[in-house]
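Here the structure comes first, spelled out in structure tokens, and everything after it is commentary.
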Amino acid sequence: MASNAELARRYAEALPSFLRPLYRDPVSIDRGEGGYVWDVEGARYLDFFGGVLTTMIGHAEPSVVAAVQQQAAKVMHTSTLYLNEPMIAFAEEVARVSGIDDARVFFLPSGSEANDAALLLATVYRGSNQILAMRNSYHGRTFSTQAITAQRSWSSTSHSGLNITYVHGGYRLRSPFRHLDDDAYTSACVDDLVQLIDMTTAGDVAAMIAEPIQGVGGFTVPPDGFFGAMGKVLSAHGILFISDEVQTGWGRTGEHFWGYEAHGIVPDLLTFAKGVGNGITLAGVVARAEIFDRINALQFSTFGGNPLSVAAGRATLAKVLADDLQGNALVMGRRLADALAPAVERYDWVAEMRGRGLMLALEFVHPGSVEPDLARSAAVLEGCKERGLLIGRGGLYGNVVRITPMLNVTADEIDEGAEALLGALAAADV
């Protein structure tokens, strides 16, 4: 079997240069079980990133493996051109938990495509190409979702058929309103939204799209009720609200099943992906039937809702609900945050710890400022790996580490991960 180093060499030679693996010495994950993975050289790691929040309820989860195996033995692919009982059943299940009235569900292979489809639906429904997006946002790598991504390091092009206006969101650390309390911060952002609509748009804006907690942006969290307050302005103008739940959905925040539920608003459209397939490609859009019905052109999805993917989705959702993994995310997230809190207070280069449930982040800055410290985030990332823990990286400047254990993580695993994180933070304090 090839070594990590050999695979890294082949990776660089066979894949595009814009693909860059994590770590100074990249890891090749060979197999996984529960919360742990092993590389090709036999090293074991506790996985607190899950392939970017995608392996949500553990590697080789028996119920998901069994569902996939049983479906694979019958038929793996049909497309939406054929009646497919697993796809129909899963659409019914997702519609029930979505919170959207008269909901319909359209399945797609990835979160990027789900957000792309939501933009198509909103612009057709409203007859407008104007979109409001949040500063510091990330919504995908397709042509249209790159246009609504407000991070220079992730933006491949400025060309777009959409007219985008960026509004203030939940990234308070670098906001001009950061010194305000929660209510005043929300009011300032809402006032800015009103002014932007009045001054920078033609009025007939199609939609505002937002992540309730920004993912790639570093798990930035707005005050509760933030999007509800913005929603009143949107409603007054007939503007649709799209909630990008690709990272916040399925109970990960602990307090709610969907991120939007912290804000006293129900979105017109909701997108999901990542964890619901527990590693298998699965995503979708949920919206009211009247919004979908505005599309008159022929449409279908080759891979969206294929029987193999939805078998994994049904098994994953069933376990999340049956085992109250949302409740576990709340309890274990608090346990992890409590363990890290003393270090956050101790090190003046840790600007803040933020997030909710099993969606935590630490942002690193140069002491006495908000100037990003990329070297420190790299040191903590590498330090965790040296201690057998895999975490992620993100943030506008790459100076944030992201920590996202499985939703069914145990107390022992939380304690093991916290110990590794505290050790990496201490080693980086030089």
For the pair N278 (side chain) and A312 (backbone), establish whether a donor and an acceptor sit closer than 3.5 Å, ignoring hydrogens and angles.
no
Atom pair CD1/CD1 of I291 and I100 - distance to nearest 0.5 Å:
8.0 Å
When Q130 is tested against each of I239, L162, N163, T123 for side chain to side chain contact (heavy atoms under 4.5 Å, CB included), which residue passes?
N163
For A311 and Q71, the nearest pair of non-hydrogen atoms, with its separation, is CB-CB, 3.9 Å
Does one side chain, of T248 or E245, offer a donor that lies under 3.5 Å from an acceptor on the other?
yes
If you measure only the distance, is there a donor-acceptor pair under 3.5 Å linking the side chains of S110 and E113?
yes
Assess whether salt bridge (charged side-chain N to carboxylate O under 4.0 Å, His left out) is satisfied between D224 and R356, documenting all intermediate values.
CA-CA 12 Å; D224 285 355; R356 283 189 171 164; 2.5 Å; yes
Should we say atom CZ of R334 is surrounded by more than 12 heavy atoms from elsewhere, each under 6.0 Å from it?
no
Going through the distances and angles, do Y125 and D268 end up as a side chain to side chain contact (heavy atoms under 4.5 Å, CB included)?
CA-CA 11 Å; Y125 183 82; D268 299 287; over 6 Å; no
Check whether any side-chain heavy atom of M76 lies under 4.5 Å from a side-chain heavy atom of N306, and answer yes or no.
no
As an exercise, state the distance from CD1 of I403 to CG of L390, rounded to the nearest 0.5 Å.
12.5 Å
Quick check: do R376 and H366 have side-chain heavy atoms less than 4.5 Å from each other?
no
Taking the side chain as every heavy atom from C-beta outward, state whether E211 and H139 have any atom pair closer than 4.5 Å.
yes
Side-chain donor/acceptor of Q214 to backbone N/O of F219, under 3.5 Å:
no
d(H237 NE2, I197 CD1) to nearest 0.5 Å is 5.0 Å
How about Y260 and F241: are their ring centroids closer than 6.0 Å?
no
What is the distance from atom CG of L360 to atom CZ of R402, rounded to the nearest 0.5 Å?
12.5 Å
Within a radius of less than 6.0 Å around CD of E419, do more than 12 heavy atoms belonging to other residues, nucleotides or ligands occur?
no
Would you mind reporting whether V37 and F49 have side-chain heavy atoms less than 4.5 Å apart?
no
Within a 6.0 Å radius of atom CG on D101, are there more than 12 heavy atoms belonging to other residues, nucleotides or ligands?
no
So, the side chain of S175 versus the backbone of Y171: is there a donor-acceptor pair under 3.5 Å, distance only?
no
Check: E61/S63 side-chain N/O donor and acceptor closer than 3.5 Å:
yes
Check the pair N408, K319 against side chain to side chain contact (heavy atoms under 4.5 Å, CB included), reporting the backbone distance first and the verdict last.
CA-CA 10 Å; N408 52 355; K319 186 169 181 63; 3.9 Å; yes
So, the side chain of T220 versus the backbone of G218: is there a donor-acceptor pair under 3.5 Å, distance only?
no
Do side-chain atoms of W258 reach the backbone of V97 as a donor and acceptor pair under 3.5 angstrom?
yes
Mark yes or no for whether S309, through its side chain, and T281, through its backbone, hold a donor-acceptor pair below 3.5 Å.
yes
State, without any angle test, whether R393 and S377 hold a side-chain donor-acceptor pair at a distance under 3.5 Å.
yes
Heavy atoms of A361 and V400 approach each other most closely as CB-CG1, 3.6 Å
Strictly below 4.0 Å, N to O, side chains only: are D102 and R104 in salt-bridge contact?
yes
For atom CZ of R141, decide whether the heavy atoms of other residues, nucleotides or ligands shown that lie under 6.0 angstrom number more than 12.
no
Between M134 and G169, what is the shortest heavy-atom contact and its length?
CE-CA, 3.4 Å
Between T149 and Y166, the two heavy atoms sitting closest are O-OH, 3.6 Å
Return the minimal non-hydrogen interatomic distance between A91 and V105, and the atom names on each side.
O-CG2, 3.5 Å
Would you say that Y45 contacts I29 through its side chain, given a criterion of any heavy-atom pair below 4.5 Å between the two side chains?
no
Considering only heavy atoms from C-beta outward, does the side chain of R174 approach that of E363 to under 4.5 Å?
yes
Verdict with reasoning, L173 to R178, per side chain to side chain contact (heavy atoms under 4.5 Å, CB included)
CA-CA 6 Å; L173 183 67; R178 62 180 174 272; 5.6 Å; no
Please work out whether the ring planes of W349 and F364 are parallel, tilted or perpendicular, with thresholds of 30° and 60°.
tilted
In Å, rounded to the nearest 0.5 Å, how long is the span from CG of D244 to OH of Y138?
10.5 Å
Side chains of N4 and D39: is there a donor and an acceptor less than 3.5 Å apart?
yes
Between Q326 and V320, does the side chain to side chain contact (heavy atoms under 4.5 Å, CB included) criterion hold? Intermediate values first, please.
CA-CA 7 Å; Q326 177 185 330; V320 167; 5.7 Å; no
Distance-minimising heavy-atom pair for L53 and M359:
CD2-CE, 4.5 Å
Count the heavy atoms of every other residue, nucleotide or ligand shown that sit under 6.0 Å from CZ of F177, and state whether that count exceeds 12.
yes
Between R10 and E13, is the closest basic N to carboxylate O distance under 4.0 Å?
no
Do other residues, nucleotides or ligands put more than 12 heavy atoms under 6.0 Å from the CD atom of E6?
yes
Enter the distance from L340:CG to L425:CG here, rounded to the nearest 0.5 Å.
7.0 Å
